[in-house]
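Here's the structure, in structure tokens; my notes come after.
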Amino acid sequence: MLNVSFCSITGHSVDTAVMNGGGAHDLSEEESKQDGAGDTDGGEDSNEQEVIVIQDTGFTVKIQAPGTEPFDLQVSPQEMVQEIHQVLMDREDTCHRTCFSLQLDGNVLDNFAELKSIEGLQEGSLLKVVEEPYTVREARIHVRHIRDLLKGLDPSDAYNGVDCNSLSFLSVFTDGDLGDSGKRKKKGSELEQIDCTPPEHILPGSKERPLLPLQPQNKDWKPMQCLKVLTMSGWNPPPGNRKMHGDLMYLYMVTVEERHISITASTRGFYLNQSTTYTFNPKPANPSFLSHSLVELLSQISPAFKKNFTALQKKRVQRHPFERIATPFQVYSWTAPQVDHTMDCVRAEDAYTSRLGYEEHIPGQTRDWNEELQTTRELARKNLPERLLRERAIFKVHSDFAAAATRGSMAVIDGNVMAINPGEETRMQMFIWNNIFFSLGFDVRDHYRELGGDAAAHAAPTNDLNGVRAYGAVDVEGLYTLGTVVVDYRGYRVTAQSIIPGILEREQEQSVIYGSIDFGKTVVSHGKYLELLERTSRPLKVQRHNVLNEKDESMELCSSVECKGIIGNDGRHYILDLLRTFPPDLNFLPVEGEELSPESVRQGFPRQHRHRLACLRQELIEAFVEHRYLLFMKMAALQLMQQKANKESKLATLTENSTIQNGECESPLEGKAEDIIPGLAQAKELAESLDTEDGSDPKSREVVLNACKAVGSISNTSFDIRFNPDIFSPGVRFPEDSADDIQKQKQLLKDAGAFLVSCQIPSLVKDCLDHSALPMDGATLTEALHQRGINVRYLGNVLAFVDKTPAKAQLEHFYRIGISELITRCAKHIFKTYLQGVELSALSAAVSHFLNCFLSSFDAVAHLPADELVSRRKNRKRRNRVPGGGDNTAWASLTPSELWKNIVSEAQSYYHFTLHCENADQVVEKYGLQKITLLREISIKAGIQILIKEYNFDSRHKPAFTEEDILNIFPVVKHVNPKASDAFHFFQSGQAKVQQGYLKEGCELINEALNLFNNVYGAMHVEICACLRLLARLNYIMGDHHEALSNQQKAVLMSERVLGVEHPNTIQEYMHLALYCFANGQLSTALKLLYRARYLMLMVCGEDHPEMALLDSNIGLVLHGVMEYDLSLRFLENALAINSKYHGPRSLKVALSHHLVARVYESKAEFRSALQQEKEGYTIYKNQVGEAHEKTKESSEYLKYLTQQAVALQRTMNEIYKNGSNASIMPLKVRALNINPCGILTHSLCSQKDLENLKAEVQRRQQLQESGKSVEDLTVHSPLELEDKIPMDELQGVTEQELQYIQA
């Protein structure tokens, strides 16, 4: 049903979309080469051999647990004994055991030993599970584990955003596991019984956007009650004399049968005692039912427990593992149903301890985060196994640290942590909790006064985090950064950092031995730091430079002045305050007496910004340097050609001219430099030969010198562009002798700013025009901007640029998403300060009031919450002051018109964009937005969780939201995403192989990458998701549809869990899964999945989006396949309309749409309409690809066929009129779609030819690659497209996309 895709397997599509998820970057080129994964075959082979070492063959052992039959378990030599423990604690028949040891021939195995190191353990060995005596810690773990088993199907943790649980709804639409259902229910024969009618709101043209279907009710979640109450008893801890009898703790329970019981946890196990709520009698009851596990005890006491617990575990084990495994970072849901609050002793205990997870059951021990973060960095990394171990450790510590930092930040804002400087004003306070240092994002002690005060203090932490991310990715041995997490919660920004050993005991002045603590007034430098930072300067493009200190001495630095070097008590070299790692963005930094490049000035730059910390993004720096490299090559090539022609007289004028037009960039529509200059290939050779010759030939040296000058390289003998991050920093002074250099650097910065405006923004818009970038919501739009190095503060410019584009109509979807993003970001800025003035007891009222002002048509009046606790005595002022809090009811005076005025002025002042609207209804009207989409965007950005129900935004009589609708406020967390470098290299080489047409080898490499990703990240991660998607697609192309289905199912589950149930990537995954279901003949499932994808898309971006055409064509085709012609027409006609709008009426996509519609009309025997549609398609083919092309011929054949059918029908009709009803009616030949076994919709015209073409295409690419053209020039990359463009015929380039999964 869908065509094969190559390009996304090839180019950057999958990896850029996913790998840059957190804005982190691939390693620099040097890095990848030193990892032995350069492009040399040798490197790859050696890597592959290393991999073989890692995947030692597994073997099987037998496990014998008390009371169960022995069973076989597959293990691998790398596993630790502990991992077998985990497996047993998860298995249905042994899950209730936690306190046991594994014994081999009577010897207890060490939990932390690797299996390969255990003597005598081999294939077929018998391991015995032996019950061990409990300790207090083991008893606690046991109770906790039993609690987890009882909550096995309860989604409340996912709604509350706890313990890395998150939601997944796929199983609701597939009725359990797809793999089985294919075997269980053969769908082929029962096509007729499928109910294909979608709910009303999914049909094309429907205006209602309900919220409830977002989280369909999963019937498995209906709670099966095993126990009414399980809690710690008030008699804890046991008194001394009972401790000596082995009592560890007491539990109190109420069974479903309403029996109240007291239980003792003792060293030997659990038994009933004779205590009641008010009398303590620890003696065993009679019978005491002593059991080693709580489950065994309860099963004897309560029949309901026994029955329900067994059923519950059956269901738990049946769920797909990906629905249960914890995600590496917490995902929050912006909607949730009203969940009953239950009594839960473990949750209650966790809430008031700083412990996180099992490790912390070691009493009194908090984790030394800094030590853990730095030690993992120091692990060896010489070969693949070592690197994997190191990356796994780094990733694990990072995700634990992010969880702890998030928890701590919330505790700080909620007032649960004592400040370390309690005497100071609230906004200046700092906190330490669980060995993490917390500070608030306010300008303390006028530190940022010259840079923009609080606005700068708010921006600095994210800039700093970007710096930490960049230095972390370069990963230089011996240079250390702090663990850093930035959390936005309840209107406050909290920075959480690990603590440098010894920093708290000294004054900052003494500790800083490199850099400046006062923005450049006093500066110090240090040899060791210069040496370490020098190693980062090339990948990060930072130039070594001198600055003057307060005594006018010249100090050498290799970073910005704010970057401080501190040697900790542990002897490590730390760098911190990396907020200016990247150079300043001059477009947003007006400087007296400096004139920007004409391209910037034309667009109205420089502009005043809130603060002076606006930096260029790392992606922009990379793109700019690459652009300059092309320019450098071009110059060298031109000069070479001229030398050949011996026209040296013109050389001088040439270089002069080139220096002038240097900041500009040809419009991206004009084509690549390669096309213009034939000598580029020679220039590349030249550059290589120069490196080898040490420039002995004076002529070639001159060529390079001129080219270097022209592009602003810092070296005269080779291409090397670096930036000085201190240019234009207030307070930084440079020595006289470097004035010339500084001037060059200033010019370079102006050029980079101009490049962003004149090159990157137009190229983004061009990518959206040719659909290689398809943002669907705010997050994917931001990602598209960031990938091209465009900061979000340019959003107003991007929109203005789209507005002026001649093809504006084809960018409507992009413009709409941009406007919605701009509005919700402005609203978020206002909401942030709004929330700071609200006291905790009024939070839900204040949030609902804000949402009413933002979205409701009702002229909202705030209802001050009636005080639930009105005391009879006069209310004394005893309010807790919140940080920065002013008048606590000021929030209530906000009105919708005032809020929208603020949004309009914020858009003007921050984004320099003029919005024309006074309220939500006008915005919806003018820009075609949806209120539900705005609600989703603001909730995600501000961390609001609302009750899932239908909201009436348009009522003029009552507000849309009440305070009961606001369920929670979540933190919005930014952190570093450590990468799995080796896995990533395998992934890339796999893609490259597929691109060259070696599907099988590619598939093997991708599988390898998947193993390595799993090794580093565990089972759940966005990058694993990309890997699975690609594997599924390869399986599909290679004809293994069942395997494709299984991999894609995992990809969907993972995307739901890691990115969110309605994230645009998840929608894409649903569409792919529908295709593979279809290929496996599971039609009704395919339809359900497509309907789900359509619902999510309507909610996220509305119906008017180019991707909707693809989705509707899919739905139309499946409906045609099950003979629902009228429904099918509605979807196909909508697809036709959207395709015509976004691809232009003459596009081949539109021709295909016409053909599909014609086919449905033919099936309905409406030949006149069918002819009309097919004629349209024929005309397009004729004009676009010529009469001789097979598409055009096929279309003309089909037209003839339709004409014959129409004539035959007319004849029959005339017969009837003439002879009355007894005329012999010719049977009509309506060609049905035959659905062949593998489920691709085919058609009698479908040929083997398409597949032949595909193979020819693959060969053609290989030849092209050999001749030096890169395949990237031929294909367009897209992170989000389902089918991908493969030119099928060399000349006409009709794409595989046109064949759109009916190979029609």
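Counting begins at 1 with the first residue of the sequence.
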>> Salt bridge check, Asp585 against Arg617: does any charged N sit closer than 4.0 Å to a carboxylate O?
In response: no
> Judged by modelled atom types alone, do Gln745 and Asp741 share a side-chain donor-acceptor pair under 3.5 Å?
Replying inline: no
> Are Ile432 and Phe438 close enough that some pair of their side-chain heavy atoms sits under 4.5 Å apart?
Replying inline: no
> Which of parallel (below 30°), tilted (30 to 60°) and perpendicular (above 60°) describes His611 and His609?
Replying inline: perpendicular
> Do Glu562 and Ser516 get their side chains close enough for a donor-acceptor pair, meaning under 3.5 Å?
Replying inline: no
> Regarding Arg722 and Ser537, is there a side-chain donor-to-acceptor distance under 3.5 Å anywhere?
Replying inline: yes
> Phe329 vs Phe395 aromatic rings, parallel, tilted or perpendicular, using cut-offs 30° and 60°?
Replying inline: perpendicular
>> For a 4.5 angstrom cut-off between non-hydrogen side-chain atoms, does Asn463 reach Phe582?
In response: no
>> So, using ring pair (Phe, Tyr, Trp, His ring centres under 6.0 Å) as the criterion, who are the partners of Tyr529 when residues are at least two apart?
In response: Tyr514, His526, His573
>> Can you tell whether the side chains of Asp740 and Lys744 come within less than 4.0 Å, N to carboxylate O?
In response: no
> Quick one: do Lys979 and Glu1023 make a salt bridge, cutoff under 4.0 Å?
Replying inline: yes
> Using 4.0 Å as the upper bound for N to carboxylate O, is an ion pair formed by Asp443 and Arg427?
Replying inline: no
> Angle class for the Phe588/Tyr794 ring planes (parallel below 30°, perpendicular above 60°, tilted otherwise)?
Replying inline: perpendicular
> Any salt bridge between Asp446 and Arg449, counting N to O under 4.0 Å?
Replying inline: yes
> Side chains of His545 and Pro725: closer than 4.5 Å at any heavy-atom pair?
Replying inline: yes
